[in-house]
Enquirer: 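Could you have a look at this structure, given as structure tokens, before my questions?
All values below come from the heavy atoms of this structure, side chains included, with hydrogens, waters and symmetry mates left out.
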Amino acid sequence: MCSLEKRDRLFILKLTGDGEHRLNPNLLDSLRSTINQIRSDPSSSQSVLITTSDGKFFSNGYDLALAESNPSLSVVMDAKLRSLVADLISLPMPTIAAVTGHASAAGCILAMSHDYVLMRRDRGFLYMSELDIELIVPAWFMAVIKGKIGSPAARRDVMLTAAKVTADVGVKMGIVDSAYGSATETVEAAIKLGEEIVQRGGDGHVYGKMRESLLREVLIHTIGEYESGSSVVRSTGSKL
């Protein structure tokens, strides 16, 4: 499922095992529980979260086989991922995705929901596969894409050509912050970046509220209501 390691002011969340890290209800619940554990830590507002994975996949998206066996679980998985993304956006600390393998569809959305995306160049790609597998992308996925990919041409290539974006191409497109030669180098770079951010200081609660405002459109789609005046996010109760 996932593990959590704390190194001083760094929280390292890892999707464990050599599988595809498909986002099924159990894994999504485990990730949300871990994020809540991080949030409740007394040092959270002076810390940084790094999310990474074992194996050749960061995450290969929703568990489509499970959804085919029980179609009602498609709605459950979507709701749980929306909640997880909202949790990441409201978390009172910077977040870094160390993408050490393929991140496809919902797995790509999970990676891009972090503030920084670092990626290995020797294996893996970011891939919004819905066009190829003939699934309509949820509106809230599009809100994440618009909030995270500034170039209209890059958004077109990611969404309307289902481009398999490697690390170096992702850097050129402005999706990936930096690329590295291996999984180990990627995680090491994420740790170094996290330590630099911690050294700069700052109030994580202020940081989190500013991120909420920056990604207002994502929050409207993920939890349904956003009060920009007070920077308070709240659920209407109808979607989660």
Enquirer: Does Lys56 come within less than 4.0 Å of Asp18, counting only side-chain N to carboxylate O?
Expert: no
Enquirer: Give, for atom SG of Cys108 and atom CD1 of Ile175, the distance between the pair rounded to the nearest 0.5 Å.
Expert: 7.0 Å
Enquirer: Passes side chain to side chain contact (heavy atoms under 4.5 Å, CB included), Ile12 versus Val187? Steps please.
Expert: CA-CA 10 Å; Ile12 302 174; Val187 174; 5.7 Å; no
Enquirer: Cut-off 3.5 Å, side chains only: do Ser129 and Lys164 have a donor facing an acceptor?
Expert: no
Enquirer: Where is the tightest heavy-atom contact between Pro94 and Ile197, given as atom of each residue plus distance?
Expert: CG-CG2, 3.6 Å
Enquirer: For the residue pair Tyr62 and Asp78, confirm or rule out a side-chain donor-acceptor distance under 3.5 Å.
Expert: yes
Enquirer: Can you measure from CG (Asp54) to SG (Cys2) and round to the nearest 0.5 angstrom?
Expert: 11.5 Å
Enquirer: Kindly work out whether a path of hydrophobic side-chain contacts (I/L/V/M/F/W/Y, heavy atoms less than 4.5 Å apart) joins Ile96 to Val144.
Expert: no
Enquirer: Of all residues at least two apart in sequence or in a different chain, which pass the side chain to side chain contact (heavy atoms under 4.5 Å, CB included) check with Glu217?
Expert: Ile220
Enquirer: Keeping Ser104 on the side-chain end and Gly61 on the backbone end, is there a donor-acceptor pair under 3.5 Å?
Expert: no
Enquirer: Should Leu126 and Ile133 be counted in the same cluster of Ile, Leu, Val, Met, Phe, Trp and Tyr side chains packed under 4.5 Å apart?
Expert: yes
Enquirer: Pair Ser59, Arg22 - check side chain to side chain contact (heavy atoms under 4.5 Å, CB included), show working.
Expert: CA-CA 6 Å; Ser59 170; Arg22 290 278 184 174; over 6 Å; no
Enquirer: Would you compute the distance between atom CD of Gln37 and atom NZ of Lys6 and round it to the nearest 0.5 angstrom?
Expert: 10.0 Å
Enquirer: Checking Arg211 side chain against Leu91 main chain: does a donor-acceptor pair fall under 3.5 Å?
Expert: yes
Enquirer: Does the side chain of Tyr207 come under 3.5 Å of the side chain of Asp115 through a donor N or O and an acceptor N or O?
Expert: yes
Enquirer: So which heavy atom on Ala111 is nearest to which on Val117, and how close?
Expert: O-CG2, 3.6 Å
Enquirer: Just by distance, do the side chain of Asp177 and the backbone of Leu118 share a donor-acceptor pair under 3.5 Å?
Expert: no
Enquirer: Looking at side-chain heavy atoms only, is the closest gap between Leu88 and Leu49 below 4.5 Å?
Expert: yes
Enquirer: Ignoring hydrogens and angles, tell me if any N or O in the side chain of Thr100 forms a donor-acceptor pair with the backbone of Ala183 under 3.5 Å.
Expert: no
Enquirer: Sequence neighbours left out, what passes side chain to side chain contact (heavy atoms under 4.5 Å, CB included) with Asp168? Give chain and number order.
Expert: Arg121, Ala179
Enquirer: Without swapping roles, check the side chain of Arg120 against the backbone of Gly101 for a donor-acceptor pair under 3.5 Å.
Expert: no
Enquirer: Decide whether Ser178 and Tyr180 meet the rule of one side-chain donor and one side-chain acceptor closer than 3.5 Å.
Expert: yes
Enquirer: Sub-3.5 Å donor-acceptor pair from the side chain of Ser113 to the main-chain atoms of Ile109, do we have one?
Expert: yes
Enquirer: What are the two closest heavy atoms between Thr16 and Ser3, and how far apart are they?
Expert: CG2-OG, 3.5 Å
Enquirer: Less than 4.5 Å apart, side chain to side chain, heavy atoms only: is that true for Met173 and Ile149?
Expert: no
Enquirer: If you measure from CG on Leu110 to CG on Leu31, what distance do you get to the nearest 0.5 Å?
Expert: 7.0 Å
Enquirer: More than 12 foreign heavy atoms under 6.0 Å from CG of Leu160: is that the case here?
Expert: yes
Enquirer: Is there a side chain to side chain contact (heavy atoms under 4.5 Å, CB included) between Lys14 and Thr51 once you walk through the steps?
Expert: CA-CA 6 Å; Lys14 179 183 287 187; Thr51 304; over 6 Å; no
Enquirer: Is Leu23 linked to Ile145 within one hydrophobic cluster, defined over Ile, Leu, Val, Met, Phe, Trp and Tyr using a side-chain heavy-atom separation of less than 4.5 Å?
Expert: yes
Enquirer: Given the rule that I, L, V, M, F, W and Y join up when any side-chain heavy atoms are under 4.5 Å apart, are Met159 and Val169 in one cluster?
Expert: yes
Enquirer: Assess the pair His102 and Phe125: is the distance between their ring centroids shorter than 6.0 Å?
Expert: yes
Enquirer: Is Ile38 close to Met93 at the side-chain level, that is, under 4.5 Å between some pair of heavy atoms?
Expert: yes
Enquirer: Let me confirm one number: the CG-CG distance from Leu4 to Leu13, rounded to the nearest 0.5 Å.
Expert: 6.0 Å
Enquirer: Can you give me the closest heavy-atom contact between Gly150 and Arg155, atom names plus distance?
Expert: O-NH1, 3.3 Å
Enquirer: Is there a side-chain contact between Met77 and Pro25 in this structure, where contact means two heavy atoms from C-beta onward sitting under 4.5 Å apart?
Expert: yes
Enquirer: Nearest 0.5 angstrom please: Glu212 CD to Ser90 OG, how far?
Expert: 5.5 Å
Enquirer: Parallel, tilted or perpendicular for His114 and Phe58, by the 30°/60° rule?
Expert: perpendicular
Enquirer: State whether the number of non-hydrogen atoms from other residues, nucleotides or ligands found under 6.0 Å of Glu196 atom CD is greater than 12.
Expert: yes
Enquirer: Does any N or O in the side chain of Asp63 come within less than 3.5 Å of the main-chain N or O of Asn24, such that one atom is a donor and the other an acceptor?
Expert: no
Enquirer: Counting N and O atoms only, with roles assigned by atom type, does the side chain of Thr186 sit under 3.5 Å from a partner on the main chain of Ser182, one being a donor and the other an acceptor?
Expert: yes
Enquirer: Flag the pair Arg39 / Asn36 as yes when at least one side-chain heavy-atom distance between them is below 4.5 Å, and no otherwise.
Expert: yes
Enquirer: Does some side-chain heavy atom of Val85 sit less than 4.5 Å from a side-chain heavy atom of Leu81?
Expert: yes
Enquirer: Any ring-ring contact (aromatic ring centres under 6.0 Å, His included) pairs touching residues 8-35, not counting sequence neighbours?
Expert: none
Enquirer: So which atom in Gly147 and which in Leu215 form the shortest heavy-atom distance, rounded to 0.1 Å?
Expert: O-CD2, 4.2 Å
Enquirer: Do the side chains of Met128 and Phe141 get nearer than 4.5 Å, heavy atoms only?
Expert: yes
Enquirer: Just do the side chain to side chain contact (heavy atoms under 4.5 Å, CB included) check on Gln46 and Asp203 with the steps written out, would you?
Expert: CA-CA 6 Å; Gln46 291 86 41; Asp203 187 327; 5.6 Å; no
Enquirer: Please check: side-chain N/O of Ser30 versus main-chain N/O of Asn26, any donor-acceptor pairing under 3.5 Å?
Expert: no
Enquirer: Quick one: does any side-chain atom of Arg9 pair with a main-chain N or O of Val198 as donor and acceptor, under 3.5 Å?
Expert: no
Enquirer: Answer with yes or no whether the hydrophobic clustering places Met112 together with Tyr116; edges join I, L, V, M, F, W, Y residues whose side-chain heavy atoms lie under 4.5 Å apart.
Expert: no
